[in-house]
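Heavy-atom basis, side chains included; hydrogens, waters and symmetry copies ignored. Residue numbers run from 1 in the order of the sequence given.
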Amino acid sequence: MIYDGSGGDVACNPALRPYIVGADCRLIAEQSLRGTVMLEFGGSGPSVMVTAGVHGNEIPPQAAALRLVEFLGSSRVRGKVYLVPFAAPWSTMRNSRWFHGMDLNRSADVDGSVTNMLFRIARKLGVDAVGDFHSTAPGSRPGVEGVFCSDEPEPRSRDIAEYITSRTSSRLLCYERASSHYRGALEDECNLAGIPAVTCEVLSENGAIREGSVERSLLQMKLFLECMGIGS
C-alpha cells in the first residue's frame, strides 16, 4: 500500500469486473479497498514504474495491467518492475475521470495528490523510466492511439516513445519541452526531474472497453519494458 484514502471496490466497475480473475488479481482488488497498491516483480537490473488508472474511467489500461500482473507473475523477470494497476481505486469504482474533484493527470505537482506520491516514489526508488498508461475516447484529446513524450529536458522520453510507436500503429505525440502545454501530468513531472517518461494511449470509449484495446495497451506495456531492457 503506497497511498491510503484512495481506496475503492474496483470490482464494482462493470467493464473491469470480467478481468479480475485469478487469485493474484482478486487479491489486488481486495487490497485496493484500502488505497493505491504497488506490486514489485523481478530483481537486479534496470527498473521501471508502470501505472494505470490515473483516470478511473479509462478501463483498457487497467485491465491490461491485470494481464501484465499475470504475465510477470509467471515469468522470470530480468530487471525490476514496479506496477500500479489502479492509481485511484475510488475513481475506478465510480467509473470517473475525477478523484474527489481532482484531475490526477494535472496534479502530479500538487503536494499530497495520488500522482504526486507516485512521482515521489519514482524518484525515491531511482527508477530508470516511468510509463503511464491511459485510453482516449474518439473525438477527445488526443482521440487517437499514441504515445506522448517530450524532447527536453529528458530526450530519452522521445527515444522510448519512438521505440513503441515504431512497433505499433501508435502515433508519436511529442512536445518540444515537458509541461509546455499544461502542468501536472505524471509524465511531464518525471521528465522535468530527469526521469524519462511517456504516456501511452489506446482508443476506447470512456467507461468501456473497445474490442482489442486491452491487447493493444498490453502490447504498449510490454514494448515499454522491452525498450528499457526488461524481459523474461
A.B. asks: Is a donor from one side chain sitting under 3.5 angstrom from an acceptor on the other, for E201 and H134?
C.D. replies: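 Checked: E201/H134 side chains show no N/O donor-acceptor pair below 3.5 Å.
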A.B. asks: S74 side chain to F71 main-chain N or O, any donor-acceptor pair under 3.5 Å?
C.D. replies: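 It does hold such a pair.
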A.B. asks: Tell me, please, whether Y182 has R106 positioned over its six-membered ring: NZ or CZ under 6.0 Å from the ring centre and within 45 degrees of its axis?
C.D. replies: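 Yes, a cation-pi geometry.
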A.B. asks: Donor-acceptor pair, distance only, cut-off 3.5 Å: does the side chain of S204 make one with the backbone of A208?
C.D. replies: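 Yes, the answer is positive, given that a donor and an acceptor are paired below the 3.5 Å cut-off.
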A.B. asks: Of K222, R67, R210, which is the lone residue that meets salt bridge (Lys or Arg N to Asp or Glu O under 4.0 Å) with E215?
C.D. replies: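 The option that passes is R67.
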A.B. asks: Do S96 and N57 have a side chain donor and acceptor closer than 3.5 Å?
C.D. replies: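 Result is no, nothing qualifies.
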A.B. asks: Is there a donor-acceptor contact under 3.5 Å from the side chain of R17 to the main chain of A11?
C.D. replies: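 Side chain of R17 to backbone of A11: a pair is present.
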A.B. asks: For I28, is there any backbone N or O sitting under 3.5 Å from a side-chain donor or acceptor partner on S32?
C.D. replies: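 Between the backbone of I28 and the side chain of S32 there is a qualifying donor-acceptor contact (under 3.5 Å).
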A.B. asks: Counting N and O atoms only, with roles assigned by atom type, does the side chain of E152 sit under 3.5 Å from a partner on the main chain of R177, one being a donor and the other an acceptor?
C.D. replies: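 Checked: no pair found.
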A.B. asks: Identify which one of N13, V10, L16 satisfies the side-chain contact (heavy atoms from CB on, under 4.5 Å) criterion when paired with Q62.
C.D. replies: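 That would be L16.
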A.B. asks: Would one find more than 12 heavy atoms of other residues, nucleotides or ligands at under 6.0 Å from atom CG of D151?
C.D. replies: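 Counting other residues, nucleotides and ligands, CG of D151 exceeds 12 neighbours.
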A.B. asks: Given R216 and E145, is the salt bridge (Lys or Arg N to Asp or Glu O under 4.0 Å) satisfied, shown in steps?
C.D. replies: CA-CA 9 Å; R216 299 197 66 76; E145 181 179 308; 2.6 Å; yes
A.B. asks: Working note: D103 + H55, criterion side chain to side chain donor-acceptor pair (under 3.5 Å); need CA distance, chi angles, decisive distance, verdict.
C.D. replies: CA-CA 8 Å; D103 183 342; H55 291 141; 2.7 Å; yes
A.B. asks: Side-chain donor-acceptor contacts of residues 33-50 below 3.5 Å, not counting sequence neighbours, with atom names and distances?
C.D. replies:
residue: T36; atom: OG1; partner: S6; partner atom: OG; Å: 2.7
residue: T36; atom: OG1; partner: A87; partner atom: O; Å: 2.6

A.B. asks: With a 3.5 Å distance limit and no angle check, can you tell me whether S166 reaches the backbone of E162 through a side-chain donor-acceptor pair?
C.D. replies: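 Yes; judged by distance alone, with no hydrogens or angles, the pair exists.
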A.B. asks: Is a side-chain N or O of S157 found less than 3.5 angstrom from the main chain of S150, in a donor-acceptor match?
C.D. replies: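 It does hold such a pair.
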A.B. asks: Out of V110, D111, L104, which residue meets the side-chain contact (heavy atoms from CB on, under 4.5 Å) rule with N116?
C.D. replies: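 Per the side-chain contact (heavy atoms from CB on, under 4.5 Å) rule, the option paired with N116 is D111, out of V110, D111, L104.
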A.B. asks: Between the side chains of S170 and Q220, is a donor N or O closer than 3.5 angstrom to an acceptor N or O?
C.D. replies: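 Present: a donor and an acceptor within the cut-off.
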